[in-house]
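To start, the structure under review is shown below, and the notes come after it.
Note that the structure is predicted; figures quoted are calculated from it, not measured.
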Amino acid sequence: MKYTTRKSAILLLSDGTIFHGKSIGISGKTFGEVCFNTGMTGYQEIFTDPSYFGQIMVATNTHIGNYGVNEQEVESDSIKIAGLVCKNFSFNYSRENASESLEDYFTKQNLICISDVDTRALVSYIRDNGAMNAVICTDGTSIEDLKKELANVPNMEGLELASKVSTTEPYFFGDENATYKISALDLGIKKNILRNLAKRDCYIKVYPYNSTYKDLSEFNPDGYFLSNGPGDPDPLFGAIQVAKEILADNKPLFGICLGHQVIGLANGVETYKMFNGHRGINHPVKNIITGKGEITSQNHGFAVKKEQLDNHPELEITHVHLNDGTVAGMRMKNKNCFSVQYHPEASPGPHDSSYLFDQFVENIKTAKA
């Protein structure tokens, strides 16, 4: 293999801390909130997950790119992360059904990436100091100029990002002859959510983030779904109103991640920005209803306030995160509605929680009976 010299690159955090590394090849700079994912596999699904829009991803796994890219293993139509930070980047890959290298994939989509970073030190620093804005620079821009630009990047708190990743036109997914019809509000929906619903005999119509309850109801669905997505849930006034109207009619409703937070806000439960958030595929959750544990895939930087849920007359907590006690799931006592903060569709991740899609279909069956 021919030896090639790679340009120096830096990661500058908003508090002035600098981490040094090497450019993967694309020259330029990219801004976003720096966060880390602890998954040991599934990097392509992570990079294309719309929930990561606006975030610079730090991969805790030592090797990234070693199994290349498969065009079938995507959660959206393009890379959604703002940039990548990793330790060892594999320019060569070894996998029978890979279609190209990760380097070529990044080049096509113009993703800026820095490798050879001490990611153990970086993740430790983020854990101690919290998620913050950062910039990856591979083009030699001065530190002072980068600091000025970084100061103008908006914070994730209060930032509405669903509009950046949602579909602009409604579309269908699944078999039109399926038994059940679902209207899904796309706040940044993952493809594997749609796959999980479709294989449970559901035909889904996916609507843009700013659709109304009237829009979603024109499909005459048997149930409604509020998807995952990026950013702060607080500014999503339209989605919150949609949730309120669905609940007022007591239609079957299921929410995942951002959709879970929207349902909380529709019930007057506030959300808050977490210090670090949860991002990985090995997060332990306890199902309070069954007493069973689940290993889950998670990706969120906001959460609903547990103390408000504890005192809410119409809501009850169904799942808790065992690492920090945060709310991982809830349901309404008087409505056909439940939601989870994590990702039962995984991709990547374990399938411990896929039963939640079955539960949604059962709720629809009950409502139709």
Problem set entry | Flag side-chain contact, heavy atom, 4.5 Å: I126 against V58 | yes
Exercise. Which residues pass the salt bridge (Lys or Arg N to Asp or Glu O under 4.0 Å) test with E218, sequence neighbours left out?
Worked result: none
Exercise. Hey, does I81 have a side-chain heavy atom less than 4.5 Å from the side chain of F53?
Worked result: no
For this session: Quick one: closest heavy-atom pair of T38 and G280, and the distance?
Result: OG1-CA, 3.5 Å
Exercise. Say you draw a straight line from SG of C337 to NZ of K251; how long is it, rounded to the nearest 0.5 Å?
Worked result: 14.5 Å
Seminar exercise, completed: From the list I193, L216, L185, V206, side chain to side chain contact (heavy atoms under 4.5 Å, CB included) with F225 holds only for I193
Exercise. S115: what forms a side-chain hydrogen bond (donor to acceptor under 3.5 Å, both in side chains) with it, not counting sequence neighbours?
Worked result: R6
Problem set entry | Heavy-atom donor-acceptor pair, S76 side chain to T48 backbone, under 3.5 Å | yes
Exercise. Looking just at side-chain N and O atoms, do Y342 and S297 make a donor-acceptor pair shorter than 3.5 Å?
Worked result: no
For this session: May I ask you to decide whether D49 forms a salt bridge with K80, counting only side-chain N to carboxylate O separations under 4.0 Å?
Result: no
Exercise. Taking atom CG of N88 and atom CD1 of I64, what is their separation to the nearest 0.5 Å?
Worked result: 9.5 Å
Exercise. Just by distance, with hydrogens left out, do Q109 and S78 show a side-chain donor and acceptor under 3.5 Å apart?
Worked result: no
Exercise. Has the side chain of T60 got a donor or acceptor atom that lies under 3.5 Å from a matching backbone atom of N37?
Worked result: yes
Exercise. Should D104 and K108 count as an ion pair when the cut-off is N to O under 4.0 Å?
Worked result: no
For this session: Compute the centroid of each ring, for F219 and then for F172, and state whether the two points are separated by less than 6.0 Å.
Result: yes
For this session: Rounded to the nearest 0.5 Å, what's the gap from CG on N276 to CG on D324? Could you check?
Result: 10.5 Å
Exercise. Listed by chain and number, what are the ring pair (Phe, Tyr, Trp, His ring centres under 6.0 Å) partners of F357, not counting sequence neighbours?
Worked result: F254
Problem set entry | Selection residues 157-173 - residue pairs positive for side chain to side chain donor-acceptor pair (under 3.5 Å), sequence neighbours left out | E160-S163
Exercise. So do N66 and N92 actually touch side chain to side chain, heavy atoms under 4.5 Å?
Worked result: no
For this session: May I have the step-by-step check of side-chain hydrogen bond (donor to acceptor under 3.5 Å, both in side chains) for T296 and Q298, ending in yes or no?
Result: CA-CA 6 Å; T296 67; Q298 303 211 4; 3.1 Å; yes
Exercise. Of all residues at least two apart in sequence or in a different chain, which pass the salt bridge (Lys or Arg N to Asp or Glu O under 4.0 Å) check with R127?
Worked result: none
For this session: For residues N129 and M132, determine if any side-chain heavy atom of one lies less than 4.5 Å from a side-chain heavy atom of the other.
Result: yes
For this session: Test salt bridge (charged side-chain N to carboxylate O under 4.0 Å, His left out) on D139 and K29 and set out the steps.
Result: CA-CA 7 Å; D139 65 6; K29 49 185 177 283; 3.8 Å; yes
Seminar exercise, completed: By side-chain hydrogen bond (donor to acceptor under 3.5 Å, both in side chains), K199 pairs with (sequence neighbours left out) none
Exercise. Do L226 and L356 belong together in a cluster built from hydrophobic side chains that touch within less than 4.5 Å?
Worked result: no
Exercise. Does L253 reach the side chain of I263, with side-chain heavy atoms less than 4.5 Å apart?
Worked result: yes
Problem set entry | A346 backbone acceptor or donor facing K190 side chain under 3.5 Å | yes
Exercise. Between atom CG of N311 and atom NZ of K305, what is the distance when rounded to the nearest 0.5 Å?
Worked result: 13.0 Å
For this session: Any chance you could lay out the side chain to side chain contact (heavy atoms under 4.5 Å, CB included) test for M330 and S339, step after step, and finish with the verdict?
Result: CA-CA 6 Å; M330 63 186 181; S339 60; 3.4 Å; yes
Exercise. Distance only, no hydrogens: is a donor on one side chain within 3.5 Å (strictly under) of an acceptor on the other, for H278 and H300?
Worked result: yes
Problem set entry | salt bridge (charged side-chain N to carboxylate O under 4.0 Å, His left out) between D232 and K273, worked out | CA-CA 8 Å; D232 191 334; K273 191 176 188 303; over 6 Å; no
Exercise. Is it true that the side chains of E103 and S101 contain a donor and an acceptor less than 3.5 Å apart?
Worked result: no
Exercise. Can you check salt bridge (charged side-chain N to carboxylate O under 4.0 Å, His left out) on K335 and E314, steps first, answer last?
Worked result: CA-CA 8 Å; K335 302 286 184 180; E314 297 177 355; over 6 Å; no
Exercise. Is there a donor in the side chain of E75 and an acceptor in the side chain of Q44, or the other way round, less than 3.5 Å apart?
Worked result: no
For this session: Please confirm whether the backbone N or O of I289 pairs with a side-chain atom of N287, one donor and one acceptor, at under 3.5 Å?
Result: yes
For this session: With side-chain hydrogen bond (donor to acceptor under 3.5 Å, both in side chains) as the test, would you mind laying out the steps for N228 and S51 before giving the verdict?
Result: CA-CA 7 Å; N228 62 293; S51 294; 2.8 Å; yes
Problem set entry | All side-chain hydrogen bond (donor to acceptor under 3.5 Å, both in side chains) counterparts of Q308, not counting sequence neighbours | E270
Exercise. Taking only residues two or more places apart in sequence, or in another chain, which ones meet Y67 in a ring pair (Phe, Tyr, Trp, His ring centres under 6.0 Å)?
Worked result: Y43
Exercise. So, does H312 use its side chain to make a donor-acceptor pair with the main chain of N267 at under 3.5 Å?
Worked result: yes
Exercise. Just by modelled atom types, is the N323 backbone N or O under 3.5 Å from a matching donor or acceptor in the H321 side chain?
Worked result: yes
Exercise. Is the shortest heavy-atom distance from the side chain of Q55 to the side chain of R279 under 4.5 Å?
Worked result: yes
Problem set entry | Flag for E294-S353: side-chain donor and acceptor within less than 3.5 Å | yes
Exercise. Of all residues at least two apart in sequence or in a different chain, which pass the salt bridge (Lys or Arg N to Asp or Glu O under 4.0 Å) check with K365?
Worked result: E362
Problem set entry | side chain to side chain donor-acceptor pair (under 3.5 Å) contacts in which one or both residues fall within residues 173-183, not counting sequence neighbours | T179-D201
Problem set entry | Residue pair Y93 / V69, side-chain heavy-atom distance below 4.5 Å | no
Exercise. So, are R331 and E316 salt-bridged, with charged N and O less than 4.0 Å apart?
Worked result: yes
Problem set entry | Non-neighbouring partners of E45 that pass salt bridge (Lys or Arg N to Asp or Glu O under 4.0 Å), sequence neighbours left out | none
Problem set entry | Under 3.5 Å: donor-acceptor pair, side chain of S227, backbone of D186 | no
Problem set entry | Ionic contact status for R200 with D358, cut-off 4.0 Å | yes
Exercise. Between A303 and M274, what is the shortest heavy-atom contact and its length?
Worked result: CB-SD, 3.9 Å
N/O donor-acceptor pairs under 3.5 Å from side chains in residues 233-249, not counting sequence neighbours:
{"unit_1": "Q241", "atom_1": "NE2", "unit_2": "E245", "atom_2": "OE2", "d": "2.9"}
{"unit_1": "D249", "atom_1": "OD2", "unit_2": "Y213", "atom_2": "OH", "d": "2.7"}

For this session: Carefully, step by step, assess T366 and N363 under the rule side-chain hydrogen bond (donor to acceptor under 3.5 Å, both in side chains).
Result: CA-CA 5 Å; T366 300; N363 287 357; 5.4 Å; no
